[in-house]
Engineer: 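Below is the structure I would like to discuss, written out as structure tokens.
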Amino acid sequence: MANEVEIKVTADTKKAEDQLKGLRGSFDRFSQKAKVGGAALTAFGAVGVAGLTKLVSSSKEQEIGINMLDQALSNVGHSYDANAAAIEKVIDATQRKTNFGDEAQREALRTLITIGGQYEGSLDALSVATDLAAGANMSLEGASLLLGKALAGETSALS
């Protein structure tokens with residue numbers, strides 16, 4: 001004799017559907033946030049790469065400036081390596097007091113040495129050139145050119 005059992009299950013599927021919709025909404029919000037987060041990380045990475053590129057470029061410019069200054073120094077019987085500590089000390093102190101960067105100051109010193117024909121006095125003249133540039137509202141390059149000519153005895157440029 002076989003017994004048969006019939007089981008009837010009834011359920012309210014509305015709650016299950018609502019919970020599935022809520023779960024789907026949570027996944028959608030998570031997906032959106034992940035996209036925004038990914039975009040932010042991509043932007044952050046791009047800024048980092050741009051910053052690194054600028055740093056490398058600045059480092060190369062600094063190296064070129066030092067090499068050019070070294071050449072000017074060697075033309076008058078000196079070298080950058082032998083005078084680096086004194087030069088960088090003056091440049092650093094001036095940079096902290098003015099808006100003239102180290103590269104602009106090295107270029108100005110190179111101009112002073114090249115036109116004046118000597119290292120002695122040119123480092124002291126660098127601070128005079130920064131004062132002249134600031135006081136006359138002119139570029140440091142222009143001020144060092146005028147001052148270099150004056151130091152070389154060509155005073156007509158000052159008039």
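Everything numeric in this text was worked out from a predicted model, so none of it was measured. All heavy atoms count here, side chains included; hydrogens, waters and symmetry mates do not.
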Engineer: Could you tell me the separation between the CG atom of Asp70 and the CD atom of Glu63, rounded to the nearest 0.5 Å?
Structural biologist: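 It is 11.5 Å, given to the nearest 0.5 Å.
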Engineer: Give every residue pair that meets the ring pair (Phe, Tyr, Trp, His ring centres under 6.0 Å) criterion with at least one member in residues 100-145, sequence neighbours excluded.
Structural biologist: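 For residues 100-145: His78-Tyr119.
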Engineer: List in chain and number order the residues that pass side chain to side chain contact (heavy atoms under 4.5 Å, CB included) with Leu145, two or more places apart in sequence or in another chain; answer none if no residue qualifies.
Structural biologist: Thr111, Ile115, Lys149
Engineer: Just jot down the side chain to side chain donor-acceptor pair (under 3.5 Å) partners of Glu88, sequence neighbours excluded, or say none.
Structural biologist: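 Partners of Glu88 under the side chain to side chain donor-acceptor pair (under 3.5 Å) test: Tyr80, Arg106.
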Engineer: So if you build clusters from Ile, Leu, Val, Met, Phe, Trp, Tyr with side-chain heavy-atom gaps below 4.5 Å, do Ile87 and Val76 land together?
Structural biologist: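 They do share one cluster, since a chain of ILVMFWY contacts under 4.5 Å joins Ile87 to Val76.
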Engineer: Give a yes or no on whether Ile66 and Val90 share a hydrophobic cluster (residues Ile, Leu, Val, Met, Phe, Trp, Tyr; joining criterion: side-chain heavy atoms under 4.5 Å apart).
Structural biologist: yes
Engineer: Passes side-chain contact (heavy atoms from CB on, under 4.5 Å), Ser79 versus Leu73? Steps please.
Structural biologist: CA-CA 5 Å; Ser79 73; Leu73 285 164; 5.6 Å; no
Engineer: When you group the ILVMFWY residues by side-chain heavy-atom contacts below 4.5 Å and let the links chain together, are Ile113 and Ile64 in the same group?
Structural biologist: no
Engineer: Tell me, with the steps shown, if Gln71 and Asn67 meet side-chain hydrogen bond (donor to acceptor under 3.5 Å, both in side chains).
Structural biologist: CA-CA 6 Å; Gln71 183 60 51; Asn67 288 340; over 6 Å; no
Engineer: Using the test side chain to side chain donor-acceptor pair (under 3.5 Å), find all partners of Asn83 that sit at least two apart in sequence or belong to another chain.
Structural biologist: none
Engineer: Considering residues at least two apart in sequence or located in another chain, which fulfil the side chain to side chain contact (heavy atoms under 4.5 Å, CB included) criterion with Gln95?
Structural biologist: Asp102, Gln105
Engineer: Tell me the salt bridge (Lys or Arg N to Asp or Glu O under 4.0 Å) pairs involving residues 89-101, sequence neighbours left out?
Structural biologist: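 Matches after skipping sequence neighbours: Asp92-Arg96.
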Engineer: Without placing hydrogens or testing angles, list every side-chain donor-acceptor pair under 3.5 Å for residues 123-142, not counting sequence neighbours.
Structural biologist:
unit_1, atom_1, unit_2, atom_2, d
Ser127, OG, Asp124, O, 3.0
Thr130, OG1, Ser127, O, 2.7
Ser139, OG, Gly142, N, 2.9

